[in-house]
Amino acid sequence: MSSASSSPLPADFYARPVLEVAPELIGCTLQHGRTSGVIVETEAYHQSEPACHAFAGLTPRTKTLFGPPGRAYVYRSYGVHALLNAVCEAEGIGAAVLIRALQPVTGIARMRARRGPLANRPPRDAQLCSGPGKLAQALGIGLDDDGRSLSRGPLRILARAGAWRDPVIVEGERVGITRAVELRWRFCAGGNGHVSRPRPRSSLASEA
DNA sequence: CATGGGATTGACT
DNA sequence: GTCAATCCCATGC
């Protein structure tokens, strides 16, 4: 019937320029155990620009970032939140796509339980995964997942399917960084209500 | 060994 | 709009 189950993206999908991969991940499904959601917001990072962790070179923290493509790079932000990235380009090059927001699909009750009572206030589902720290908490992704494959095992990203086969994508500037702020390396699903703030400026005229 | 910064979130003015 | 919480790790003495 209409619920087409799609396949995990192979490692080769990620072995390309990070600026190609980042927009193509919009509409794909991130799955961890029984919880999953459609990716509606991403950002690209590359060792050539100073907002990327790899800019300073290979360190213990960024070991995974320089490793083979198609794996998860998970690190702690502000001492509080776990952030999930998909490692891209060839091994030895530090590049990754930060997964910033999901539209929840399965395991929503479990996501609400993990996120706590704050996420149980309306608009509930719009706030469940509307940020990189939020989605990691909702899906139970932690530092333990650093280095894991995104093609095999409990943590996977599945190819676009169904209504998400050809999404409208809006570009904008990356969020929460202090350097290379002018690069428009943020990609969002156009008009989607599950994107994090600030919502990107759409090129479409304002609606009546 | 001490210090400072950071790809965030939630609470508050 | 502002601001603190909180931990990993890069840097420097």
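These numbers come from the heavy atoms of this one structure, side chains and all, not from hydrogens, waters or symmetry mates. Only a predicted model underlies this, so the values are computations on that prediction, with no experimental measurement involved. Below, read A as the first sequence line, B as the second, and so on, with proteins coming before strands; counting in each chain starts at 1.
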Could you tell me whether [X] and [Y] make a salt bridge, using a distance below 4.0 angstrom between a side-chain N and a carboxylate O?
X        : Y        : result
A:Arg184 : A:Glu171 : no
A:Arg186 : A:Glu41  : yes
A:Lys63  : A:Asp146 : no
A:Glu24  : A:Arg160 : no

- Query: Side chains of A:Thr106 and A:Ser36: is there a donor and an acceptor less than 3.5 Å apart?
  - Reply: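 Per modelled atom types, A:Thr106 and A:Ser36 side chains form a pair under 3.5 Å.
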
- Message: Checking A:Arg110 against A:Thr35: is there a side-chain donor and acceptor pair closer than 3.5 Å?
- Response: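 No, no side-chain donor-acceptor pair sits under 3.5 Å.
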
- Item | Between A:His53 and A:Tyr75, ring centroids under 6.0 Å |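 Close enough - the centres of the two rings lie under 6.0 Å apart.
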
- Does NZ or CZ of A:Arg174 fall inside the cone over A:Tyr45's six-membered ring, less than 6.0 Å from its centre and within 45° of the axis?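 The answer is yes; both the distance and angle limits are met.
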
- Item | cation_pi(A:Arg16, A:Tyr14) dist<6.0 Å, angle<=45 |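 Checked: cation-pi criterion not met.
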
- Message: On a heavy-atom basis, which atom in A:Ile26 and which in A:Ala189 lie closest, and how many Å separate them?
- Response: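 Scanning both residues, the minimum pair turns out to be CG2-CB, 3.9 Å.
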
- Task: Name all stems that contain residues of DNA chain B, defined as runs of 3 or more consecutive Watson-Crick or G-U wobble pairs, both distances under 3.5 Å.
- Result: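 Looking at DNA chain B, the stems formed by three or more consecutive pairs are B:1-6 with C:7-12, B:8-12 with C:1-5.
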
- Message: One character per nucleotide, please: for nucleotides 8-13 of chain C, 5' to 3', B when the base has a protein heavy atom closer than 4.0 Å, S when only the sugar-phosphate does, - otherwise.
- Response: -SS---

- Query: Just by protein heavy atoms under 4.0 Å, how would nucleotides 8-13 of chain B read 5' to 3' in B, S and -?
  - Reply: BSSS--

- Message: Rounded to whole Å, please give me the gap between CD in A:Glu41 and P in B:dA7.
- Response: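 Roughly 15 Å, once rounded to whole Å.
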
- Item | Interatomic distance at P, C:dC3 relative to B:dG5, whole Å |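 So the two P atoms sit 16 Å from each other.
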
